[in-house]
Amino acid sequence: MLQVQDLSVSYGQASALHRVSLEVNEGEIVAVIGPNGAGKTTLLKAITGLLKAKEGTILYKGNEILGTPAHKILGYGLSHVPQGRQVFGDQSVEDNLILGAFTIKKEKQKIQELIEREYERFPRLKERRSQHAGTLSGGEQQMLAVSRALMSDPDLVILDEPSMGLSPIFVKQIFDTLIELKKSGKTVMVVEQLAMAALAISDRAYVLQVGEVKLHGESRELLRDNSLVKTYLGSK
Ligand SMILES: Nc1ncnc2c1ncn2[C@@H]1O[C@H](COP(=O)(O)OP(=O)(O)O)[C@@H](O)[C@H]1O
Ligand SMILES: [Mg+2]
């Protein structure tokens with residue numbers, strides 16, 4: 001579904017990604033784990049069209065998307081939950097959801113159905129549907145960010161550190177949601193600093209460190225041989 005080959009990205013003179021290659025197959029949960037500053041967000045921004053890459057290829061469903069603007073990529077069925085959630089704080093929960101559906105904005109009936117689906121997924125969002133998103137707790141905002149990304153009914157959902165700043169209960173809820181998404185036929189790529197938790201729910205994983213893929217394989221295997229992961233990530 002997604003193939004990244006030899007992707008390099010720099011900020012001015014500073015290299016942030018160096019020849020990163022990875023793939024995500026349909027129906028998988030793929031984790032990209034790595035410490036702060038490893039280049040995880042840079043990778044996701046390059047994939048979702050928010051950042052220009054210097055070199056490399058990014059194929060999505062077989063088509064080159066490198067250099068394609070972000071809103072077009074969203075229309076192809078690839079949706080992004082950004083780091084730090086970035087909900088629209090002065091808009092209601094429901095308006096945030098509607099904004100997530102802008103690629104299908106003429107399909108009112110479908111949007112209503114998708115909103116109901118998200119309210120079933122996260123009943124808290126339904127309870128708070130008229131509230132400004134800025135008044136929600138961090139965990140609730142993360143639910144909203146996930147739901148907003150799902151409002152374009154994507155095939156591939158890419159999440160940037162969904163656990164950041166959340167209490168363990170919310171982390172579990174968000175990770176359970178990723179498993180549910182996979183069961184419902186979606187493909188998931190998740191970037192995380194919480195390596196062990198991300199390995200526990202993913203099929204395969206890539207370890208990113210200072211802009212390079214240092215290790216990859218089946219998550220089960222990486223968990224089993226956790227000395228490898230510890231070498232790169234500490235004991236998180
Ligand atoms: N807008 C930017 N301008 C300059 N350097 C940046 C910018 N964003 C990130 N970097 C640098 O690129 C590297 C990778 O950052 P990032 O992709 O945010 O890592 P991660 O998400 O894994 O924490 C870091 O060294 C960071 O300081
Ligand atoms: Mg980041």
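Bear in mind the structure is a predicted one, so any value in this text is a computation, not a measurement. When a ligand or atom number is given, it counts from 1 through the structure's own listing order.
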J.: Could you tell me, atom by atom, which parts of ligand 1 come under 4.0 Å of a heavy atom of Asn36?
T.: 23 (O)
J.: side-chain contact (heavy atoms from CB on, under 4.5 Å) for Asp203 and Lys182? Distances and angles first, verdict last.
T.: CA-CA 11 Å; Asp203 299 295; Lys182 174 181 153 153; 2.9 Å; yes
J.: Looking only at side chains, do Tyr119 and Glu94 share a donor and an acceptor under 3.5 Å apart?
T.: yes
J.: Has ligand 1 got any nitrogen or oxygen that is less than 3.5 angstrom from a nitrogen or oxygen of Glu161?
T.: no
J.: Can you tell me the protein heavy atom closest to atom 24 (C) of ligand 1 and the distance?
T.: Gly37 O, 3.8 Å
J.: Just to confirm my output: which protein heavy-atom neighbour is closest to atom 15 (O) of ligand 1, and how far is it?
T.: Thr42 OG1, 3.8 Å
J.: Search all heavy atoms of Ser163 against all heavy atoms of Leu194 and return the closest pair with its distance.
T.: OG-CD1, 3.3 Å
J.: Could you find the nearest protein heavy atom to atom 9 (C) of ligand 1 and give me its residue, atom name and distance?
T.: Tyr11 CE1, 3.4 Å
J.: Short list, please: which atoms of ligand 1 are under 4.0 Å from a heavy atom of Ala38?
T.: 19 (O), 20 (P), 22 (O)
J.: Under a single-linkage definition using a 4.5 Å side-chain heavy-atom cutoff for Ile, Leu, Val, Met, Phe, Trp and Tyr, are Ile98 and Val87 assigned to the same hydrophobic cluster?
T.: yes
J.: Heavy-atom contacts with Thr41 under 4.0 Å: which atoms of ligand 1 show up? List them by number with element.
T.: 17 (O), 18 (O), 20 (P), 21 (O)
J.: Does Pro35 come within less than 4.0 angstrom of ligand 1, counting non-hydrogen atoms of the residue?
T.: yes
J.: Do you know which two heavy atoms are closest between Leu66 and Ala53, and how far apart they sit?
T.: CD1-CB, 3.8 Å
J.: What do you think, any protein heavy atom under 4.0 angstrom from atom 27 (O) of ligand 1?
T.: no
J.: Specify whether an N/O/S atom of Thr42 falls short of 2.8 Å from the Mg ion (ligand 2).
T.: no
J.: Using a 4.0 Å cutoff against the non-hydrogen atoms of Ala16, which atoms of ligand 1 qualify?
T.: 12 (O)
J.: What is the nearest protein non-hydrogen atom to atom 19 (O) of ligand 1, stated with its residue, atom name and distance?
T.: Gly39 N, 3.1 Å
J.: Can you tell me if, anywhere in Gln83, an N/O/S atom lies at a distance from the Mg ion (ligand 2) that is smaller than 2.8 Å?
T.: yes
J.: May I have the step-by-step check of side-chain contact (heavy atoms from CB on, under 4.5 Å) for Gln142 and Val146, ending in yes or no?
T.: CA-CA 6 Å; Gln142 188 65 64; Val146 170; 4.0 Å; yes
J.: Which pair of non-hydrogen atoms, one from Arg121 and one from Thr177, has the smallest distance, and what is that distance?
T.: CD-CG2, 3.8 Å
J.: So, applying side chain to side chain contact (heavy atoms under 4.5 Å, CB included) with Met189, which one of Val157, Leu43, Leu78, Leu159 is it?
T.: Leu43
J.: So, for Phe175 and Ala198, which heavy atoms are closest and what is the spacing to 0.1 Å?
T.: CE2-N, 3.7 Å
J.: With backbone taken as N, CA, C and O and side chain as the heavy atoms from C-beta onward, which portion of Ala14 lies under 4.0 Å from ligand 1: side chain, backbone, both, or neither?
T.: neither
